[in-house]
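Since this is a predicted model, take the numbers as computed values, not measurements. Just so you know, ligand 1 is whichever comes first in the structure, and atom 1 is the first atom listed for that ligand.
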Amino acid sequence: MKKLQYERPVIQRLNTGVMNKFGKKTEYAPVTHIDGNPVKELISNFGSPLFVISESILRQNMKNALRAFKTRYPKVQFAWSYKTNYNSAVCNVFHQEGSWGEVVSGFEYEKALKNGVPGNKIIFNGPDKTEEELKKAINNGSMIHIDHLDELYMIKELAGEMSKRPRVAIRVNMDTGIYPMWDRFGFNYESGQAWDAINKILLNDNMDLVGLHSHIGTFMLAPSAYGIAAAKLCDLAMGIKKKFKKNIQYIDMGGGFASKNTLKGSYLQGMDTTPSFDQFAEAITTSILNAGFTEQELPLLILETGRALIDDAGYLLGTVISNKRLSDGRRATIMDFGVNVLFTSFWYDHKISPAQEFSPYTEDAVLYGPLCMNIDVVRENVTLPPLKRNDHVVVHTVGAYNMTQWMQFIALRPAIVMIDMDEKPHLIRKRETLESIDSHELMPKYLEKFKI
Ligand SMILES: *Cc1c(COP(=O)(O)O)cnc(C)c1O
């Protein structure tokens, strides 16, 4: 046996806050500015809580993702996933970067059209498309991704009536080694459902099967799963070529790449566990390049990446309402934002930074939101320096889903500000008011008056 090499012992100073046997590193650099704008000033100008989006991070993320795919594959197209964040200013940043639109409802479809996305550059996903919405999508030449047989038959019928050939793809679900499997959307690969749907489309020729689609899951940490999914879609494309002598125009790998957030219960920080765009791109493009297409036949590769492009571009600024001691002695800090605006705190441990200078002393605390409701816990346990009433904090990596899944519950939804490439802030969504909520309510005449 080889003798281990001697290493001289070293004495290293333990800094408080660095990961040691007592626990995780505490965040001890305050975040006083976002893209050159003082947090205090943003809050005094636009209110608290406040969502802030960094346009420069959005564009940088998009460029990184494009580079990762385009250096490995000749034909790449991104389509912005509206449900991840459908604020129109946000969508238009992605459209300016060349992204098409990817929508999962009639409302999102209309929003994409209104933003100026040409109909034939909108991908229409999701299980719920009404007849009216489908007619519109067929007329506009949008890419309709069929989710189930009822939809397939409805489109066939409409194609007959409208004497227009719909451009369709099928959504395929499959076993990629990730469980539980997402088999509720689309047609299953292993059981033969997907091949059956393909036959039903191509043997009764009144629509164009332009693509094959999969969206295997969300917050995926395994690039290999995408490699498997791409191989299975390519296998279907090869089957189509063999039986029908037709080439598929595109393969759409959906979204789901993990963002840099930290999942609850995860030991390591999201920063350390999230694969890079290069790793996802490598897995996907290798599968497609090895599938047996000739150079001319290589399908367009579409990606519907959402969260990984926007999560770290979003911040939530908030203010301390109060501190108190719980009956077991723990410190509790009440913030002016809760699960109503930070929906993703149900599954992430967001990084939270104080926005002003503080002492090195830290204490574990429970972070509560302002709602009069027991479930309103932003963090069960977070190590923070003691924060005083009116101190501010910055919550990181909140750009994905919070601004679409937020609830108008007890409190009004906050404003959104985008900081542009020159570090200038723009209000891109107004704070809700009583009037904005009331504008949807109607009062029957006989209930207008009361005496108490
Ligand atoms: C939600 C969704 C996406 C985007 O997913 P992310 O996890 O945000 O990347 C893409 N495609 C489809 C069909 C979706 O439902």
A.B. asks: Select all protein residues for which some heavy-atom-to-ligand 1 distance is less than 4.0 Å, and list them by chain and number.
C.D. replies: S81, K83, T84, E102, N125, R171, H213, H215, T218, G255, G256, E304, T305, G306, R307, Y401

A.B. asks: Side chains of D175 and Y189 only: does a donor on one sit below 3.5 Å from an acceptor on the other?
C.D. replies: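 Their side chains do not contain a donor-acceptor pair, so the 3.5 Å distance test is not met.
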
A.B. asks: Could you tell me if the ring centre of Y315 sits under 6.0 Å from that of H396?
C.D. replies: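 So the answer is yes for these two rings.
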
A.B. asks: Students often mix this up, so state it plainly: with edges at 30° and 60°, are the rings of H145 and H213 parallel, tilted or perpendicular?
C.D. replies: tilted

A.B. asks: For Y401 together with F219, are the ring centres under 6.0 Å from each other?
C.D. replies: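 Ring centres of Y401 and F219 not closer than 6.0 Å.
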
A.B. asks: Going by atom types only, do N115 and H95 share a side-chain donor-acceptor pair under 3.5 Å?
C.D. replies: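 Per modelled atom types, N115 and H95 side chains form no pair under 3.5 Å.
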
A.B. asks: Is the number of heavy atoms from other residues, nucleotides or ligands within 6.0 Å of CD (E190) greater than 12?
C.D. replies: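 Atom CD in E190 is crowded, with more than 12 foreign heavy atoms closer than 6.0 Å.
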
